[in-house]
Protein chains: 2
Amino acid sequence: MTTPRSARPRPSDPSPGSLEELAGAPLSLRERKKLRTRQTLRREAVRLFAEQGWEATTVDQIAAAAEVSPSTFFRYFPVKEDLLLTDEYDPLMAEAIRARPAGEPFLTSARAVLVGLVRRMLSEQERAELYERMRLAASVPSVRARMMEGAGQPRGMLLDLLTERAGLDAPTLELRITAAAISAALTETSLYWADRGGRDDLADLLDLALEHLQGLAAH
Amino acid sequence: MTTPRSARPRPSDPSPGSLEELAGAPLSLRERKKLRTRQTLRREAVRLFAEQGWEATTVDQIAAAAEVSPSTFFRYFPVKEDLLLTDEYDPLMAEAIRARPAGEPFLTSARAVLVGLVRRMLSEQERAELYERMRLAASVPSVRARMMEGAGQPRGMLLDLLTERAGLDAPTLELRITAAAISAALTETSLYWADRGGRDDLADLLDLALEHLQGLAAH
DNA sequence: TCTCAAATGAGAGTAACTATCAAAAGATGG
DNA sequence: CCATCTTTTGATAGTTACTCTCATTTGAGA
């Protein structure tokens, strides 16, 4: 007797995606199939969302379009919103940040890495996909909410990095504030980008946003 | 055909509560009844949550305990989570911030007002209530998500204030970043407080958090 | 007291989930 | 190639948050 909106352990998949070849590990047939199912589900979902909107698209429809059973759908995405929230970029970010000089202020590291990554990463298709996701996040409150939740998303990763860099086991309040602020800036920037129809350069916006965060005391 | 998790207009109630006497308007019998119903629902709900937990407590139970029909429950709280999210403090904060000198950096104003307000405001009962709410928010993801959603909550208010103070009609990205960062710090601090069992002084934590936010560039 | 608007309750329906269990399909060792 | 073992899948039945609609009640105002 659980609530639709409530907690539920994630399947803890390593959230693969377009960048499958990342960890050179050769994938078994099983893994490849799972990956394909996951991608198909997400692709069909996004297509349907674009065609009919978020609410008019039911999980059953998505499952049917991807030719799996509803049961299977929920195994891959325990909540409908998760279709839009899986981010394959986190591990890349983490690695890049770890590679920065240890003495550098964290925000500086994060800014350099994030902006650089966004500037380079985006193939036209990835850009379009990211935009569509953000557009939905901006317009569908439940998606937005889930995106802000943060636990799975960048905030958690940033917090881990910060804690690690500070040589601590558990994060302090200060570290949590830093992670939350950066993560909020990230999300806010993406939403702003989507709000303006994606016509700005995302990397520039991000740079501006994080620079602003550094000078917060002055404004 | 709307989704449980999806958007849905709030009834736009002026969210009354313990501070009903705020706007001295004498309440009609009808208004008093509505107020009482709302309070009863919330009180019974919190009691049940504490007794049996969030998920084990169904809307029907709450309605029954408050002696109204389920239909009526949903008229007052369109989503279950809303039981915990009504905040009567926002308008007070807004007014206090508006009263600060106009040239002052926003974060400085906000810090002074928030810390001051928290330090003074909390009657023992209010403190306990706030704690219970945060405890649930910390442990129930869906509540946490809804709390972070922000549009209604402090972020929106802060953003309005910032925009107003900047003499603009629409917020810039920078303003949105500022509001998001402060709001995130607020939420994070409250959750931290709840995580640690409420044994710290919330005002102190908040002060620390916002000070840290000011010095973000340095860490 | 009569009238009108607002609040309530009842009932039926939808869709996102959960739990369980049997069948299918990939991995593995011989 | 086969036999076993494990993982993934599908089917089915159920729970619960929420929506819609409409008839009934109840407070407001003349």
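Here is how names work: the chains are called A, B, and so on, in the same order as the sequence lines, proteins then strands, and each is numbered from 1. Hydrogens, waters and symmetry mates are skipped; everything else that's a heavy atom, side chains included, is used.
- Put simply, A/Thr58 has no side-chain N or O that comes within less than 4.0 Å of OP1 or OP2 on C/dT14.
- Of the side-chain N and O atoms in B/Ser69, one or more sit less than 4.0 angstrom from OP1 or OP2 of C/dG9.
- Here the side chains of A/Leu83 and A/Phe73 are in contact, with some heavy-atom distance below 4.5 Å.
- The phosphate of C/dT8 has OP1 or OP2 within less than 4.0 Å of a side-chain N or O from B/Tyr76.
- We find that CZ of A/Phe74 is positioned 19 Å from P of D/dT8, with the value rounded to whole Å.
- Counting only heavy atoms from C-beta on, A/Lys34 has its side chain closest to D/dT8 among C/dA27, D/dA28, D/dT8.
- Contact between the side-chain N/O atoms of A/Lys33 and the OP1/OP2 oxygens of C/dG26 is found at a separation under 4.0 Å.
- Judged by distance alone with a 3.5 Å cut-off, no donor-acceptor contact links the side chain of A/Arg75 to the base of D/dT7.
- Taking atom CD of B/Glu67 as the reference point, atom P of C/dG9 lies 10 Å away to the nearest angstrom.
- For the pair B/Glu31 and A/Arg30, both in contact range of DNA chain D, the more 5′-proximal nearest nucleotide belongs to A/Arg30.
- Side-chain contact annotation: A/Thr72 with A/Ser69, donor-acceptor N/O pair under 3.5 Å present.
- Rounded to a whole Å, the CZ atom of A/Arg32 is 19 Å from the P atom of D/dT7.
- Look at CG on B/Leu83: it is 14 Å from C1' on D/dC18, rounded to the nearest Å.
- Rounded to whole angstrom, the span from the CG atom of B/Leu29 across to the P atom of D/dT25 amounts to 18 Å.
- The aromatic rings of B/Trp193 and B/Tyr131 sit perpendicular to each other, their planes meeting at more than 60°, with 30° as the lower class boundary.
- Rounded to an integer number of Å, the gap from B/Glu55 CD to D/dA17 P is 10 Å.
- Counting heavy atoms from C-beta on, the side chains of B/Leu191 and B/Arg144 come closer than 4.5 Å.
- At D/dT9, none of the side-chain N or O atoms of A/Thr72 fall inside 4.0 Å of OP1 or OP2 (strictly under the cut-off).
- In terms of phosphate contacts, B/Lys80 brings no side-chain nitrogen or oxygen within less than 4.0 Å of OP1 or OP2 of D/dC18.
- For A/Arg38 and D/dT9, the CZ to C1' distance is 16 Å, given to the nearest whole Å.
- A heavy-atom distance below 4.5 Å is found between the side chains of A/Phe106 and A/Leu161.
- Atom CD1 in B/Ile62 sits roughly 8 Å away from atom P in D/dA17 (whole-Å rounding).
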